[in-house]
Amino acid sequence: MPVQRIKFYQTGSFAVGNRLLDPDQRSVQADTERTNSLTMGHRACQGCGEALGARYVLDAVMRATGNHAVTVNATGCLEVFSTPFPESSWRVPWLHSLFGNAPAVATGVAAALKAKGRTDVRVVGQGGDGGTVDIGLGCLSGMFERNDDVLYVCYDNGGYMNTGVQRSGATPHGAVTTTTPAGNSFRQGKSLPLIAMAHRIPYVATATVADLRDLEYKATRAMEFHGARYLHVLVPCPLGWRTASSETIQIARLATETGSFPVFEAVDGEVTDVTRIRRLRPVEDYLRPQGRFAHLFGDTPRGDVISSIQAEADRNIRTFGLVETTEVS
Amino acid sequence: MPEANSHHPYAITLDVGSSLANKTGSWRTERPVYLDRLPPCNDACPAGENVQEWVARAEEGDYEAAWRQIMVDNPFPAIMGRVCYRPCETACNRATLDEPVGINSIERFLGDEAISRGWSVVVEAPPTGKNVLVVGAGPSGLSAAYHLALRGHQVTVRDDSPEAGGMMRYGIPSYRLTRDVVDAEIQRIVEMGVRLELGTSVTDLGDALVDFDAVFLAVGAHVGRRADIPAGDSARIVDAVSMLAGLAKGEQPLLGRRVAVYGGGNTAMDVARTARRLGASDAIVVYRRTRERMPAHDIEVREALDEGVRMRWLSTIVYAGADRVRIEKMRLDESGFPQPTGEFEELDADSVVLALGQQADLALVRDLPGVEIADGVVQVDGRMMTGHAGLFAGGDMVPGERTVTVAVGHGKQAARNIDAWLRSATYEHPERPELATYDRLNTWYYADAPATLRPQLDVARRITSFDEVTQGLTAENALFEARRCMSCGNCLECDNCFGVCPDNAIIKLGPGQGYEIDLDFCKGCGLCAAECPSGAITMIRERS
Amino acid sequence: MRSQIEGSRAVAETVARCRPEVVCAYPISPQTHIVEALSVLVASGELAPCEFVNVESEFGAMSVAIGASAAGARAYTATASQGLLYMAEALYNASGLGLPIVMTVANRAIGAPINIWNDHSDSMSQRDSGWIQLYAETNQEAADLHVQAFRIAEELSLPVMVCMDGFVLTHAVEGIDVPSQEQVDAFLPPFGPQQVLDPDDPMTIGAMVGPDAFTEVRYLAHAKHLRALEVIPRVADEFATTFWRSSGGLVRPYGCLGADTVVVALGSVLGTVKDTVDELRAEGVSIGVLGLTTFRPFPYDAVRAALRGARRVVVLERALAAGMGGIVTADVCGSVPDKPITTVIAGLGGRPVTKKSLRGLLTDAVADRLEPLTFLDLKHDVVERELS
Ligand SMILES: Cc1cc2nc3c(=O)[nH]c(=O)nc-3n(C[C@H](O)[C@H](O)[C@H](O)COP(=O)(O)OP(=O)(O)OC[C@H]3O[C@@H](n4cnc5c(N)ncnc54)[C@H](O)[C@@H]3O)c2cc1C
Ligand SMILES: Cc1ncc(C[n+]2csc(CCOP(=O)(O)OP(=O)(O)O)c2C)c(N)n1
Ligand code: SF4
Ligand code: SF4
Ligand SMILES: [Mg+2]
């Protein structure tokens, strides 16, 4: 199924739905018949970006596969808030095994389906950033390298949230977590999208909950490929980021508009498209509303840290060509 | 020992969607509520058009519905689309984002579409048996007549001119407002059963106030303000409104090749541009202040300059001769007031046209008991009623901005109140909702889209004919332009709330029906309100 | 048909005839020959349909098996020693989720110090992982146990570990009757999973369970193991009627009836033990042997019945619980709490258990001269020097 990117001048064309569009061009989330893969009654915090992102991704996958997808979930908030006995919020086939093995379990599912000739059923593995970039990295890298027919989705909320907001390999520079009380002194060490690309897998993409159209496009596009695919979705966590529950999407948007989180896609290890920043802003606009960065703006402001975060964003903008004028040829 | 369930191992395997048993609505301390805020365009429209609503219809491509929505408030969409000074666009929130929505050009498109397709208005209200007299068939009088007719009243409009339209016909030049448009939109009102009695000067209201159940006065302001300029015997000094009216009636004003226009308002621009079209090689506007302080709208000044009109700012005419005028240079003092400098200059001019504003001829009401006149205009209350019971007034003859749109608004407002007054009731204006200010919007969701420009005739054509300068939009452009509207403060059914709720707590009711909050599951995170592009959701506190 | 064949190869061929649909492999001695052989069978198309997945770790291997099994495929893997420990977390998960995975453990010591040779430290360390553990005495039994393991696993929805001694069995070439495809097909029906990840019948597998239900979940897991105590002998009986060969079951008494002394052991050491006991019995010593084929679930009743007449019990252990002693002893004691039990720790890290040493040991045992915890062939001079 070819996917057309909606890029036309129209009221609300970045909004979830659009009553002016042909029904087949409308987003999955605008559809009252959407799967609601993760349905109501789950116990995610108010305004949880991960709950939102998971529904966005899986509903798109369900549409793309004609409801023929199964899910494997790593331990983490997403798993805990969705399946405390006796209630499950999933409406898709879903399996949870462990924290660090979701990619391998997904491989097993894919292998089983292949052996059984059920090529109509597609497999999605998913987990938090801790489960993905840290403890699950070995299994994930193996899955990539074997090019198993799995879409793996990382919901990146920049820390081990389920265990009470500890630092993970995806925690950004400067952020306070319960294990980096003075602010994370490491640079954002692991860019898993780049690591994934280094495996030369068919498809790698990043997205955020702030741009549903883009996210759905990528989840859908991912299902056009066979083999290992990786989708890295930024999902702000009001609890861990110390933001208001209503700010989740706004914060994700600021992450992209400041260059802190590059949004792009790559085929066979090469970047093929980047989502340009529409209204470029300084990183400070992104950092300031978040309580986890409050110490940078406190009584002894940490201009040094802020400028180093800005430098990191500038690097993203340069290397990915996030701003039209800085496009690299 | 047998297992609890051989297919679903106890507790480890669960049924899908079983979490519906967990009503997370109990977590909530705040609740989202849908509301309609007042869009700034609506707020700014002197005719009280529901701009946002009709633009929304146009966005859908339902031009007739859009047009009918305008007609609820204003019977002259095609005229508006040509002469309105567009306060809506000045107020438009989109101006803060990029450029205002071309509301006026869409309105013109809709108005023209209605004329070419012959859309008409049917009076559905049963006849009330009440008779209302309207004096003056300008925009204000005709607007009142239209709104009164819609409500089932029998309306008679008397006007002393040979044709209806007031300044729309006898003031505004035809290269800005073609007369076929004026004819068509007035004809539509006549077809609703409004009686037009033209060439009838009303000089006394005594009988009328007895014969009619109510009277609406809208005689405009037609008397050109004079300036005492010492002049030679052979100097040709004419008044702008008379000159334009004469032209409209088919006269050929004799202005000569070099014309000095005195004044800095829109009328001055119209006269200068008209002079160019009549063959003047030189049309010079003489104005005592600077360009920035000119009351004329910027676009009118620009178009005049485009057409070769010259400007003499900071100048007053101190003497007019047969073929030249003497001007004195001025300077602005601290308070911005022009002061003479004692420096003089001469300009070649075969004629001087005075465009210094108009005064209302209020002879008609001067002696009526109760009617109060101040600053040269008739005073009215909030109902547009004069101090004389049953006598209402509006348009240029009452305080306020003197524009076609204000006049139309007055007509509508007067009609509502006359209607109520005839029923011995009072008209209650609906409560004014909170303004949908820019900060209420989440503009990220609107695609970047520059405004569509209306095509214009090239200058050579403009100065040799009275052809309409500004052209209309094509249907495609009109649609594009309409879709730039952000639907400020009003749900545009973009499904954003439906999408962004992490708890699926928004129920989509279907096209035109909007949405509902499922309070069983809404945790009150506020994402829907924060991400509503148009600011049509607010959060209200339920408990602390 | 009986042929001269390496133990690993026999197991691989037998497993292949059980038609696993997913096999995952990660190398570790002494297990490696098994998955190598399977990879050849898959590559040649002899075993099909089957996905052979080269994983990046044993943790990955067990995780792939978990996914495959949950998706309704018959899944198999093999490991040993460090590898088994590396998959520990996933072992508990597989059993907790009730996934009938079959795994060969080619028993090997665990480090440090690193040691590639045979003992039972690895599988013993996972005795409480919720897996059924079967121990093979011979390579024939090792092969046979795999066929039975799939039956048992799938009937109970529980994973099964088939333990065979590393090198001693895995690398030994001997005459083995590898079950034929027809026989296996007749014995082992296709896998009908009790729950499966399927878009046509979506369900949530692997919920989080809190204090309100966790005890019951564990109770039910225990109940399943108790049911295994009935299933395992029944499957062994059926096996015998299909294959005309006796293997598997819970325990294997050898001359226990009327014996004053009974030696309890698991795995390949039973061969040497039986040889030694034969000699002693010929000399008039009242001694028998009890082989434990099933160690998890622990067959308390069967052990108690076999030991009913014994006056003393010697448990020969191939692993040591430091600070405690014999692991198997503790369980045997649970069966016969009143009988005197001596623990003999033997053959750690590949040290040969010779008939000569055994004979001396059992002679002492019969004479009640053994310490309650005895280390066979312990170099006393070394340890005394180190301890002084
Ligand atoms: C040159 C010029 C250009 C303009 N351009 C614009 C523009 O581009 N946009 C804009 O919004 N506004 C413009 N205006 C202003 C606008 O035309 C007026 O504000 C508007 O027409 C006022 O409407 P009205 O109904 O109050 O009066 P009018 O339009 O003046 O109508 C009054 C009518 O009453 C009739 N009448 C008067 N006395 C009597 C009587 N005693 N008995 C019977 N009939 C009588 C008159 O003949 C006339 O027909 C312009 C004005 C001028 C002069
Ligand atoms: C092997 C293992 N180590 C640690 C844990 C504890 N643990 C459970 S969830 C979690 C954090 C998950 O973080 P992440 O993957 O980022 O997901 P999030 O909760 O942030 O969505 C941790 C550390 C575990 N369950 N298993
Ligand atoms: S802690 Fe963060 S990620 Fe976890 S449920 Fe709450 S908001 Fe979501
Ligand atoms: S964007 Fe639309 S609703 Fe908002 S002020 Fe402009 S025209 Fe009115
Ligand atoms: Mg996380």
Side-chain angles (χ1 to χ4, degrees), chain A residues 35 37 62 65-73 75 79-118 120-123 125 136 138-146 148 150, chain C residues 19-24 26 42 48-57 59-75 77 87 89-90 92-94 96-97 99 101 191 193 195-214 216-217:
Chain A
T35 311
S37 308
M62 289 304 269
T65 60
N67 296 325
H68 275 60
V70 298
T71 325
V72 174
N73 209 126
T75 311
E79 166 262 332
V80 170
F81 70 59
S82 63
T83 59
F85 166 81
E87 292 153 2
S88 166
S89 310
W90 297 101
R91 287 161 49 89
V92 291
W94 183 92
L95 169 67
H96 163 242
S97 173
L98 294 168
F99 187 23
N101 72 353
V105 175
T107 289
V109 174
L113 291 168
K114 188 168 174 207
K116 290 180 165 298
R118 295 225 42 194
D120 57 320
V121 182
R122 309 295 303 277
V123 185
C139 286
L140 185 61
S141 169
M143 190 277 270
F144 287 164
E145 173 272 324
R146 290 185 303 267
D148 296 330
V150 171
Chain C
R19 302 186 187 278
E21 293 158 295
V22 175
V23 171
C24 354
Y26 193 82
V42 173
C50 178
E51 290 299 308
F52 188 90
V53 188
N54 279 297
V55 291
E56 67 295 326
S57 72
F59 179 64
M62 185 44 60
S63 301
V64 169
I66 287 170
S69 185
R74 187 169 281 164
T77 188
M87 59 169 73
E89 191 194 9
Y92 279 73
N93 189 253
L97 292 176
L99 300 173
I101 298 160
F191 176 29
Q195 54 172 4
V196 61
L197 267 191
D198 182 357
D200 298 332
D201 179 20
M203 61 182 86
T204 296
I205 304 175
M208 175 179 170
V209 176
D212 50 342
F214 200 78
E216 288 67 31
V217 168

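Keep in mind it's a predicted model, so treat the numbers as computed, not measured. Chain naming here is simple, since letters A, B, ... match the order of the sequence lines and numbering starts at 1 in each.
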Which region of R91(A), side chain (C-beta onward) or backbone (N, CA, C, O), has a non-hydrogen atom less than 4.5 Å from a non-hydrogen atom of chain C, or is it both or neither?
backbone
Could you walk me through whether F85(A) and V217(C) pass the side-chain contact (heavy atoms from CB on, under 4.5 Å) test, one step at a time?
CA-CA 11 Å; F85(A) 166 81; V217(C) 168; over 6 Å; no
Pair I205(C)-L97(C), side-chain contact (heavy atoms from CB on, under 4.5 Å): steps then yes or no
CA-CA 8 Å; I205(C) 304 175; L97(C) 292 176; 4.2 Å; yes
Just verifying a value: how many Å separate T77(C) OG1 and Y26(C) OH, rounded to the nearest 0.5 Å?
12.0 Å
With chain C, the option among E145(A), E79(A), E87(A), R118(A) that has the most non-hydrogen atom pairs under 4.5 Å is R118(A)
Side chain, backbone, both or neither: which part of A102(A) has a heavy atom under 4.5 Å from chain C?
neither
Would you call D198(C)-K116(A) a salt bridge at under 4.0 Å N-O?
no
Which portion of V92(A) sits near chain C, non-hydrogen atoms under 4.5 angstrom:
backbone
Interface residue of largest heavy-atom contact number with chain C, from A112(A), P93(A), P103(A), under 4.5 Å:
P93(A)
Whatever's closer than 4.5 Å to a heavy atom in chain A on V55(C) counts as both
Counting heavy-atom pairs under 4.5 Å with chain C, the top scorer among S89(A), G117(A), P86(A), C139(A) is C139(A)
So OG1 of T75(A) and CG of N93(C): to nearest 0.5 Å the spacing works out to 8.0 Å
Find the one option among G138(A), S97(A), S88(A) whose heavy-atom pairs under 4.5 Å with chain C are most numerous.
S97(A)
Most heavy-atom pairs under 4.5 Å with chain C, out of S141(A), A106(A), A110(A), G100(A), belong to G100(A)
In terms of heavy-atom pairs under 4.5 Å with chain A, the winner among A70(C), G72(C), S57(C), A94(C) is G72(C)
Heavy-atom side-chain proximity of H96(A) to T83(A) below 4.5 angstrom
no
Under a 4.5 Å heavy-atom cut-off, does chain A meet the side chain of L197(C), its backbone, both or neither?
both
How long is the gap from OG on S69(C) to CZ on F191(C), to the nearest 0.5 Å?
4.5 Å
W90(A) and S82(A) side chains, donor-acceptor separation under 3.5 Å:
yes
When rounded to the nearest 0.5 angstrom, what distance separates CE in M143(A) from CG in N101(A)?
12.5 Å
Please look at D200(C) and chain A and tell me whether the side chain, the backbone, both or neither of the residue comes under 4.5 angstrom of a heavy atom of that chain.
side chain
If you count heavy-atom pairs under 4.5 Å between each of E89(C), M62(C), R74(C), E56(C) and chain A, which one has the most?
E56(C)
